Undergrad: 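A single structure is presented below for examination.
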Amino acid sequence: MHNIDAHEFLNFLLNELVDILEKESQAAKGSSETSSPSEKIANGPRNLQVNGVQKEPLITWVHKNFQGILTNETRCLRCETVTARDETFFDLSLDIEQNSSITSCLKNFSSTETLNAEDKFFCDKCCSLQEAQKRMKIKKPPHILVIHLKRFKYIEQLGRYKKLSYRVVFPLELKLSNTMEDSDSEYSLFAVVVHVGSGPNHGHYVSLVKSHNHWLFFDDENVEMIDESAVQTFFGSSQEYSSNTDHGYILFYESIASDNKS
Amino acid sequence: MIHSSGNGMMSSSAASSSVGNSQSPGLKTYFKTPEGRYKLHFEKTHPAGLLHYAHGKAVTQVTLAQLKEKPAQLPPTPTGSSSAGGVRSAAARLLGGGNGSRALSFVGGNGASKAVAGSSRIGSMGVSSSSGSALCSNYDGKGTFLIFNVGDTVFISDFNSQDKDPIKSIHFSNSNPVCHAFDADAKDGHDLLIGLNSGDVYSVSLRQQLQDVGKKLVGAQHYNRDGSVNSSRCTSVAWVLEGDGAFVVTHADGNLYVYEKGKDGTGDSSFPVIKDQTQFSVAHARSSKSNPVSRWHICQGSINSISFSADGAYIATVGRDGYLRVFDYSKEQLICGVKSYYGALLCCAWSMDGKYILTGGEDDLVQVWSMDERKVVAWGEGHNSWVSGVSFDPFWSSPTSEGDVESVMYRFGSVGQDTQLLLWDLVMDELVVPLRRPSGGSPTFSTGSQSAHWDTLTPVGTLQPAPSMRDVPKLSPLVAHRVHNEPLSDLIFTQESVLTACREGHIKIWMRPAHCENQSSSSENVLSNSLKEKPLLSSKVGSYKQ
Ligand SMILES: [Zn+2]
């Protein structure tokens, strides 16, 4: 297993932030309970967050920016009952293919999958394992869409993880129509985490970040301005053995208000 | 028969053709269409061991160039204006491709009659099994050549020979060549344009290059020397149809320049500062002695590809900002345009009759724009990555043309970075516009008119926003075939074949079904048959509605 994975770190970071924010909020709430009404007003802005129903989970800025809702729809092939289960996410992990695009990976992500043989679905109505069709849809798109490319894959024949250097192109603008019904809302790429190296156990991370309309390249303490067209050098390679080992690994897209729409 | 060694799969399936490539394991050497099999006929590539660092920096583009007999003689003029028009539309569409920065481009003649000669030679030579024997060793005669760039080199291959290797290489020491265009009817010797990554542009005589034994460009006229006018990358070069040696060059900074061949450009070649990067503006040179003679600022970001309409009246551009724009070339006026669903557009091509424009880009869609209706009439869904090349098939005619001529109208192809070639039929009657919501959401955006509607033409010069997914009819490909191992950069239709090219400089020639089955048939017959079929299209040439 790779030791420090940027995707694992991102998950850790976001969850840790939520924990800290929740603790802070609870602490503020605890202090407000013992305080007098006048102090409560004085502390107004901080207390607003906890003035709701007590058991309601706190909506932090992490949630507001990163959280989206996926609907996992399963249709039992015997009774036709559709079971929909919502789940929240901070990022989408996509399976990748050689010479494909993010658009195509997203299409595959939400394509219909048949659950059968070893992988049957327990239907509550039939009270038994049944063949079923499963589909993932984005119910609520996040403000910041984080896409994780599954470049580290466990290869059973090898008994270990392998890095997929596949060429997966990502556009600077993106829409989620394939994964969402009725959505033409547009996203704009603003950051890319790049994994440098040929294998999963070693390597280096660099990143590209768009700031004030300029792309910046971050490599440890070195920062340099790069041309927008340089982003495409991190798509991956169309040949398995290539000297290019710098591959886009995590993509950050920000929702932009659609212009010129009635 | 040449069989590749060490590739059993290829050898067995390529028994009837001369496939000599061993670089394509697992790729089929044919694909099926309703009208029959397209078979891999031969391949063209560059010598192995090319400097690999150069790869990726310049995507291979191909120009198919037709050299006539050296003593300039007029080819036979076809009788009947309708058939001339038909072939003209076909060949000129190919010319349009050659003009653009599309990777593969066939360059026919400028005029109607000359274009006939061009396509007839492609036809007769394409099936020739001789390897270049028709060519004089000193290249004084006629011939058809593939011109393609790889890394810092421009290679020239003999299209009529099945020899895989190029016959000539031209090395550029300062910057990589990235685009080229050929004019079969150039008045003086210079018929080939080459644009560089540095922004520099050269015009040369193709024949002179072939006759020279060196590895350098010879007898070249140099424009935009060291990027003195514009130092951003050239993205495409194109000859202006009947433009008396005028040509256009587009750059990565959103500018297009009009040059005049052979003019030294001694005058002041500076242009005023562009006030608004987002607005279209045209500036003319201050001095009559300067070259370029004008600058069109088209968009913010790169112009990725251009294509002239068959009659040369219109020029379409696509670019980084995702917009397709159509200009009246002589009036220097923006006519219409539309934004991609999302992302940059990478390629564009006109239909032979000028009624439709295909675009392809980073949304993985092949878009069909109607000039008559001023709207996107179809989105082709089928590529799994960006669409890098599009082209109508000007030689295809509907098999049902006897009964219902009205239904099947166009065949087109697209190639993508998913390594696939897709073929499509555009049947206007079968296109069903999806349900539209009664409340707003009209895809046609028009300034000052909230009630803009599908059927209402927008004012001249209006750029429309991206249509909504639910408003555009979808097309599915007729054929999807993985043709190379590397992402593709373009395709071209010739009378007897389809050419595909990948970014790394491998080119495959796929013979059309009729020619696969009857390769020994007289090429003259093939030509005359196809001429008879063409008047169907010819009546539509130039029937622009504005
Ligand atoms: Zn059930």
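Not measured: the values here are computed from a predicted model. Chain A is the first sequence line, chain B the second, and so forth, proteins listed ahead of strands; every chain is numbered from 1.
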Undergrad: Stepwise, does the ring pair (Phe, Tyr, Trp, His ring centres under 6.0 Å) test hold for Trp386(B) with Phe170(A)?
TA: CA-CA 9 Å; Trp386(B) 297 355; Phe170(A) 41 90; 8.1 Å; no
Undergrad: How many angstroms lie between atom CG of Asp418(B) and atom CZ of Arg167(A), to the nearest 0.5 angstrom?
TA: 11.0 Å
Undergrad: So which atom in Pro487(B) and which in Asn99(A) form the shortest heavy-atom distance, rounded to 0.1 Å?
TA: CG-OD1, 3.6 Å
Undergrad: Test your reading of the model: is there a side-chain donor-acceptor pair from Lys175(A) to the backbone of Tyr342(B), 3.5 Å cut-off?
TA: no
Undergrad: To the nearest 0.5 Å, how far apart are CD in Glu486(B) and OG in Ser237(A)?
TA: 9.5 Å
Undergrad: Between Asp364(B) and chain A, which part of the residue has a heavy atom less than 4.5 Å away: side chain, backbone, both or neither?
TA: side chain
Undergrad: Looking at CD of Glu504(B) and CD of Gln239(A), how far apart are the two atoms once the value is rounded to the nearest 0.5 Å?
TA: 6.0 Å
Undergrad: Any side-chain heavy-atom pair from Glu228(A) and Arg320(B) closer than 4.5 angstrom?
TA: yes
Undergrad: Are the side chains of Gln417(B) and Ser101(A) in contact, using a 4.5 Å heavy-atom criterion?
TA: no
Undergrad: Given side-chain contact (heavy atoms from CB on, under 4.5 Å), test Glu362(B) with Glu173(A) step by step and report yes or no.
TA: CA-CA 9 Å; Glu362(B) 298 181 355; Glu173(A) 287 90 39; 5.6 Å; no
